[in-house]
Amino acid sequence: MQALIEAIRSQGHGVGSQIVKVDSFLNHRLDTGLLYEMGKAFALRYADEHPDLVLTVEASGIALALATAHALGDIPVVFAKKSAAANQSGDMAEEKIFSFTRGQECVIRVDLRYIPAGSKVLIVDDFLANGEALRGLIAILKRAGAHLIGVGIAIEKGFQPGGQALRAQGIPLLSLAVIEEIRDGHIRFRDTDQH
Ligand code: G4P
């Protein structure tokens, strides 16, 4: 998606060879117009599958999921939580995921009342790196008895294995920008029109 690639080029910067910082429009300050454009792109790709809800993980995925759900006709968003509430209730599905970026394990949890069995679910997230967050969300969907119709990602890091693993499983994946390489602060993109 050209507008996202332009935003990464003009506002993002590479940190080492692994990380791209996009705090000014996606991870800290939010570019609402760009988020709505991204949501429309996911909606265009997946509307024919008639998803019942959009699933993401807090925190940065929420805005993107909201934009997508709005473009799909204001369907609900469910986000996995990363912290356990003292007054947690309901039938919680929990999955441990390991974040290589943060170097730590965390637990994501969703109240299964909000993912009805048989529902059609679109997963949306801001980054796809090793695919741990998605692995956890997909496991939660299985436990709920829901159907994954596809995945929408804003920025896939193509040099990490998450995207390849999803494609190998035959899971529909739309990544709006795929970064092939970060070197000396320069970010090189894959031609996403091929995907
Ligand atoms: P994975 O789910 O694909 O395995 O990714 P990983 O564990 O490595 O990512 C952990 C967190 O770091 C995720 O955010 C992910 O969105 C983010 N992340 C991964 N690579 C990058 C990157 O190159 N740049 C930036 N800015 N973020 C990256 P999170 O822990 O869920 O945090 P948040 O949603 O609260 O921001």
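Just follow the structure's listing: the first ligand is 1, and inside any ligand the first atom is 1. From a predicted model like this one, the values you see are computed outputs, not experimental measurements.
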Exercise. Rounded to the nearest 0.5 Å, what's the gap from CG on Leu64 to CG on Leu26? Could you check?
Key: 7.0 Å
Quiz item: Minimum heavy-atom separation for Ile97 to Gly136, with atom names?
Solution: CG2-CA, 3.9 Å
Self-check item: Pick from Arg102, Arg135, Gln104: the one approaching atom 11 (C) of ligand 1 most closely through a non-hydrogen atom
Solution: Arg102
Practice problem: Can you pull out the closest protein heavy atom to atom 4 (O) of ligand 1? Residue, atom name and distance to 0.1 Å, please. | Solution: Glu132 N, 2.9 Å
Self-check item: Nitrogen or oxygen atoms of Ala133 and ligand 1 under 3.5 Å apart
Solution: yes
Practice problem: Would you mind running through ligand 1 and noting each atom that sits below 4.0 Å from a heavy atom of Ala129? | Solution: 3 (O), 5 (O), 8 (O)
Self-check item: ligand 1 to Leu128 polar contact by distance, N or O atoms, under 3.5 Å
Solution: no
Exercise. Would you check the N or O atoms of Lys21, main chain and side chain alike, for any that come under 3.5 Å of an N or O of ligand 1?
Key: no
Quiz item: Which heavy-atom pair separates Ala59 from Lys82 by the least distance, and what is that distance?
Solution: N-NZ, 4.2 Å
Quiz item: What residue and heavy atom of the protein are closest to atom 9 (O) of ligand 1, and at what distance?
Solution: Thr101 OG1, 3.4 Å
Quiz item: If two hydrophobic side chains count as joined below 4.5 Å and joins carry through other members, does Leu176 share a cluster with Ile182?
Solution: yes
Self-check item: Sole residue of Asn130, Ile19, Val178, Leu128 in side-chain contact (heavy atoms from CB on, under 4.5 Å) with Lys157
Solution: Ile19
Self-check item: Structural part of Asn27 in contact with ligand 1, heavy atom criterion under 4.0 angstrom
Solution: side chain
Quiz prompt | Protein contact to atom 35 (O) of ligand 1 [nearest heavy atom, distance to 0.1 Å] | solution = Ala59 N, 3.3 Å
Self-check item: Heteroatom distance test (Val20, ligand 1): nitrogen or oxygen, under 3.5 angstrom
Solution: yes
Self-check item: Nearest non-hydrogen protein atom, atom 23 (O) of ligand 1
Solution: Lys157 NZ, 2.8 Å
Quiz item: Hey, is Arg102 close enough to Glu132 for a salt bridge, meaning N to O under 4.0 Å?
Solution: no
Quiz item: Which heavy atom of the protein is the closest neighbour of atom 17 (C) of ligand 1, given with residue, atom name and distance?
Solution: Phe127 CB, 4.4 Å
Quiz item: Given the rule that I, L, V, M, F, W and Y join up when any side-chain heavy atoms are under 4.5 Å apart, are Val22 and Phe159 in one cluster?
Solution: yes
Practice problem: Considering the heavy atoms of Asp126, write down every atom of ligand 1 situated less than 4.0 Å from one of them. | Solution: 16 (O)
Practice problem: Could you see which bit of Gln18 sits under 4.0 Å from ligand 1, with heavy atoms only: side chain, backbone, both or neither? | Solution: backbone
Exercise. Taking atom CZ of Arg113 as the centre, report whether more than 12 heavy atoms of other residues, nucleotides or ligands fall under 6.0 Å from it.
Key: yes
Quiz item: Among protein heavy atoms, which lies nearest atom 34 (O) of ligand 1, and at what distance?
Solution: Ser60 N, 3.0 Å
Quiz item: Where do Ala63 and Leu35 come nearest, in terms of heavy atoms and distance?
Solution: CB-CD1, 4.0 Å
Practice problem: State the atoms of ligand 1, each with its element, that fall below the 4.0 Å cut-off from a heavy-atom position in Phe100. | Solution: 7 (O), 8 (O)
Exercise. Tell me which part of Leu26 gets within contact of ligand 1: side chain, backbone, both or neither, using heavy atoms under 4.0 Å.
Key: neither
Quiz item: What are the two closest non-hydrogen atoms of Ala133 and Asp125, and how far apart are they?
Solution: CB-OD2, 4.2 Å
Exercise. Below 4.0 angstrom from a heavy atom of Gly131, which ligand 1 atoms are there? Numbered from 1 as shown, please.
Key: 1 (P), 3 (O), 4 (O)
Quiz item: Is Ile19 in polar range of ligand 1, meaning some N or O pair under 3.5 Å apart?
Solution: no
Quiz item: Would Glu180 and Arg190 pass as an ion pair if we require N to O under 4.0 Å?
Solution: yes
Quiz item: Going hydrophobic residue to hydrophobic residue with side-chain gaps under 4.5 angstrom, can you get from Phe127 over to Phe189?
Solution: yes
Quiz item: Looking at atom 29 (P) of ligand 1, what's its closest protein heavy atom, distance included?
Solution: Lys82 NZ, 3.2 Å
Quiz item: Taking atom CG of Leu141 and atom NZ of Lys120, what is their separation to the nearest 0.5 Å?
Solution: 14.0 Å
Quiz item: In terms of atom number and element, which parts of ligand 1 are under 4.0 angstrom from non-hydrogen atoms of Ser99?
Solution: 6 (P), 7 (O), 9 (O), 10 (C)
Quiz prompt | Per-atom contact, atom 13 (C) of ligand 1, protein heavy atoms, under 4.0 angstrom | solution = no
